[in-house]
Amino acid sequence: MKFIIAFACLLAVACANEDAGVLRNDAEVNVDSFKYALKLDNSVDIEQQGQLNGEEWIVKGQQAWTSPEGEAVSIQYVADQNGYQVLAANPPLPTSPPIPEAIQRSLDWIAAHPSKE
C-alpha cells in the first residue's frame with residue numbers, strides 16, 4: 001500500500017513538471033523490497049527505498065526541490081509501523097501550538113474517568 005502511495009506521489013511530481021527533463025530515473029522493484037530515484041532538470045530530486053519486515057513495510061526516503069521563491073526545500077522521512085515520520089526538513093516544518101490548559105484538564109479528566117460501556 002505504501003508503495004502505491006509513493007508511486008502516486010512520484011507520478012504527481014512528474015505530471016506537475018511536464019516540461020522538466022529527466023536526468024536520472026532508476027527503479028528496482030522486488031517482492032520484498034524496492035528503491036527508486038528520480039532527478040529532474042528543474043531541481044526535483046527524489047529517492048525512496050522500502051524493505052518488507054515481516055508483514056510490514058519500512059520505507060525511507062528524501063525529497064528536495066527549489067521553491068518558486070528560489071529557496072532550497074528538502075525533507076527526509078521514514079514510514080513504518082509507527083506511521084509517517086519526518087526525520088529532517090529544510091525549512092523546518094511548523095509545529096502545532098501547545099494545548100490550552102482548560103482543554104488539557106478536560107482530556108486528563110476524561111482519561112481518568114473512562115466510559116463504563
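On a predicted model such as this, the values are computed, not experimentally measured, just so you know.
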For Y36 and I46: C-alpha separation, side-chain torsions, deciding distance, then whether side chain to side chain contact (heavy atoms under 4.5 Å, CB included) applies.
CA-CA 8 Å; Y36 72 83; I46 302 169; 3.8 Å; yes
Please lay out, stage by stage, how D32 and Q51 fare under the test side chain to side chain contact (heavy atoms under 4.5 Å, CB included).
CA-CA 6 Å; D32 60 351; Q51 183 75 37; 4.3 Å; yes
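In this structure D108 satisfies the side-chain hydrogen bond (donor to acceptor under 3.5 Å, both in side chains) test together with Q104, sequence neighbours excluded. Scanning for salt bridge (charged side-chain N to carboxylate O under 4.0 Å, His left out) contacts around K39 gives D45, with sequence neighbours left out. Taking the side-chain contact (heavy atoms from CB on, under 4.5 Å) definition, one finds that N53 meets it with I58, sequence neighbours left out. Scored by the side-chain hydrogen bond (donor to acceptor under 3.5 Å, both in side chains) test, E71 finds no partners at all (sequence neighbours excluded). Shown here are the salt bridge (charged side-chain N to carboxylate O under 4.0 Å, His left out) partners of R24, two or more places apart in sequence or in another chain: D26, E47. Residues meeting the side-chain hydrogen bond (donor to acceptor under 3.5 Å, both in side chains) test with E101, sequence neighbours left out: R105. A search for side-chain contact (heavy atoms from CB on, under 4.5 Å) contacts involving T66 returns S43, not counting sequence neighbours. In terms of the side-chain contact (heavy atoms from CB on, under 4.5 Å) criterion, S106 has no residue partners (sequence neighbours excluded). Not counting sequence neighbours, the partners of E69 by the side-chain contact (heavy atoms from CB on, under 4.5 Å) test are S67.
In the hydrophobic clustering (ILVMFWY side chains linked at under 4.5 Å, chained through shared members), I110 is joined by W109. Hydrophobic side-chain contacts under 4.5 Å tie I99 into a cluster, directly or through other members, with I103, L107.
Residues V59 and F34 are in side-chain contact: their nearest non-hydrogen atoms beyond the backbone lie under 4.5 Å apart. Taking the side chain as every heavy atom from C-beta outward, V22 and L40 approach each other to under 4.5 Å.
The backbone N or O of G21 lies less than 3.5 Å from a partner atom in the side chain of D41, making a donor-acceptor pair.
Nearest heavy-atom pair, Q63 versus Y77, reported as atom, atom and distance to 0.1 Å: NE2-OH, 4.1 Å. Here the closest heavy-atom approach between residue P91 and residue A72 is recorded as CD-O, 4.1 Å. Residue K60 comes nearest to V78 through the heavy atom pair CG-CG2, 3.8 Å, listed as atom of the first residue, atom of the second, then distance.
Here side chain to side chain donor-acceptor pair (under 3.5 Å) pairs that include residues 84-94, with residues two or more places apart or in two chains, are D80-Q85.
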